[in-house]
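Chain naming here is simple, since letters A, B, ... match the order of the sequence lines and numbering starts at 1 in each.
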Number of protein chains: 2
Amino acid sequence: MTERNAGSPSISKSEQAYTAIKAKILGGEFTPGYRLVLAALAADLGCSVVPVREAIRRLEAENFVTFERNVGATVAGIDPTEYLYTMQTLSIVEGAATALSAPLITASDITRARAINAQMRECLNNFDPVRFTSLNQQFHSVLFENCPNPHILDLVHRGWNRLQALRSSTFSYVPGRASESVAEHEGLLQILESGAPVEDIERAARAHRASTLDAYLARSTPEQQAQGPLALSY
Amino acid sequence: MTERNAGSPSISKSEQAYTAIKAKILGGEFTPGYRLVLAALAADLGCSVVPVREAIRRLEAENFVTFERNVGATVAGIDPTEYLYTMQTLSIVEGAATALSAPLITASDITRARAINAQMRECLNNFDPVRFTSLNQQFHSVLFENCPNPHILDLVHRGWNRLQALRSSTFSYVPGRASESVAEHEGLLQILESGAPVEDIERAARAHRASTLDAYLARSTPEQQAQGPLALSY
DNA sequence: AGATACGAAATCGTATACAATCATCGTAGT
DNA sequence: ACTACGATGATTGTATACGATTTCGTATCT
């Protein structure tokens, strides 16, 4: 038997670099505007610059970094409107993913989601934002992971990643929003159980995200609020 | 004054490679399944393999090619369901982009779109698919280019690119669909002129794409038709 | 003092070289 | 005849080297 990867990498440096840099962006270690210097990253990762370049170009194509010729890469999303745009985009693709998943969802899925939401409710006392966010993602994953269209699912995942990057750097949590969110989750589950038409499910999923955005906007500057019709939930 | 780029490139080989390869994919020269060999591409482009690698990783992040470690890259989308998924995704993001553009659209935009649609109508005799497709893209551009959310706009553009790649390789045009399309365009314009609520506009934009998909499905195999609830237009 | 021109340091861009890995095909053994 | 195995060629993965470009500090001129 040909023993594959006997302790040796089998995972390319390029992949390692991609994962490591992305993790640092998502984790908030590299905040928006941070300058990504090839040589420094390479030294940090213990490899040469070539794999790092590849990783950065990939991250660029995923809109996690911006790149300028002969100048270099910086972590994207320094603009506060970025959060608005990301949330809006996510509301659309997540709404669609949830709607497309709905016909395929099982009773056991619903039970699982409800259990997660119960944990979120418990989590409201001694509020731990990290745990709450993780549970929130798990909850929504149950609702949209059945989506048969891989492209849409991919867009949803990218949106969540992007959101995580923005959250761990610039944007803070809105007090009181967490408990609202838990309540809305229960509403979503009931709509799903009732076998409502997909249109209603999409509308509800969108509205859920839109109200998170509204909660944020309510505390933000008038200029941001005047960004035009951003909600797109009916 | 420092003369910038005096005849010299100023555009990187990496960028050239990216553009060239993407163009060949979109143009149908590299059809789905085509094996992209680094050395061959590099020789073709007159550069070394490093820029080509970067270009390919970027194309991978945009889902134009699939990549396997130590094996290489192949042009993506060989699966016929790919067309369904792409159309569905596009119906969602384009619907949203059109709806978000609607409040910002001007009377002159409408006039311009109507002129383009008139050219499409003329084009129906002596049907030229390439010209028709180009006009079609121009028409829809007018309707969604005002979208204030750059992320969504980017997704729409990617969708159109992806569609073009699929069209120029595997999928053919559905006879008779073109004239239907022109008629639907006029309907869209009237809804926009009437100042209908964004919800209606989004619905109409989705439905327009959905009916193109339906026309395709009507001639395809039963297995594809049984792919589940793909329409998501109400 | 302010603006401009110059130069050095930092950084990116790409070619080349070589190691690592995988696919193919021929050969030996059953 | 068929399968297991090993050599060979093709292709990818990465390091290093060096040229190209930008940036920024400094000196010079007005």
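- Which of C:dA15, D:dT12, C:dG13 sits closest to the side chain of B:Pro51 comes down to C:dA15.
- One atom, CG of B:Leu36, and another, C1' of D:dA10, lie 16 Å apart when rounded to the nearest Å.
- Atom CD of B:Gln16 and atom C1' of C:dG13 are 12 Å apart (whole Å).
- Closest to the side chain of B:Val71, from the set D:dA15, C:dA15, C:dC22, is C:dC22.
- Of the candidates C:dT11, D:dT14, D:dT11, the closest approach to any side-chain atom of A:Arg35 belongs to C:dT11.
- When only modelled atom types and interatomic distance are considered, B:Gln119 and B:Arg131 share a side-chain donor-acceptor pair under 3.5 Å.
- Rounded to an integer number of Å, the gap from NZ of B:Lys13 to P of D:dC18 is 19 Å.
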Item to check | Verdict with supporting geometry, B:Ser211 and B:Arg177, side chain to side chain donor-acceptor pair (under 3.5 Å) | outcome: CA-CA 9 Å; B:Ser211 57; B:Arg177 171 62 196 155; 3.2 Å; yes

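- Residue B:Glu68 contributes atom CD, which lies 12 Å from atom C1' of C:dT21 at whole-angstrom precision.
- Taking the side chain of B:Asn70 as heavy atoms from C-beta on, and the options C:dC22, D:dT14, C:dT14, the nearest nucleotide is C:dC22.
- Across the protein-nucleic acid pair, A:Ile11 atom CD1 and C:dT21 atom C1' stand 16 Å apart, rounded to whole Å.
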Checklist entry - Passes side chain to side chain donor-acceptor pair (under 3.5 Å), A:Gln88 versus A:Arg209? Steps please. => result CA-CA 8 Å; A:Gln88 184 180 49; A:Arg209 191 154 288 284; over 6 Å; no

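- Side chain of B:Ser48, nearest nucleotide from D:dT22, C:dT14, C:dA23: C:dT14.
- You'll find that the side chain of B:Val50 is closest to D:dA15, out of C:dA23, D:dT11, D:dA15.
- Distance, B:Glu15 CD to C:dG13 C1': 13 Å, rounded to whole Å.
- The phosphate of D:dG13 has OP1 or OP2 within less than 4.0 Å of a side-chain N or O from B:Arg53.
- In this structure, A:Arg57 places its CZ atom 12 Å from P of C:dC12, rounding to the nearest Å.
- Looking at heavy atoms from C-beta onward, A:Arg58 lies out of side-chain contact with B:Arg58 at the 4.5 angstrom threshold.
- Regarding A:Glu54, its CD atom lies at a distance of 10 Å from the C1' atom of D:dT12, rounded to whole Å.
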Checklist entry - Under the side-chain contact (heavy atoms from CB on, under 4.5 Å) criterion, do B:Leu36 and B:Phe67 qualify, and how do the steps go? => result CA-CA 10 Å; B:Leu36 296 170; B:Phe67 197 82; over 6 Å; no

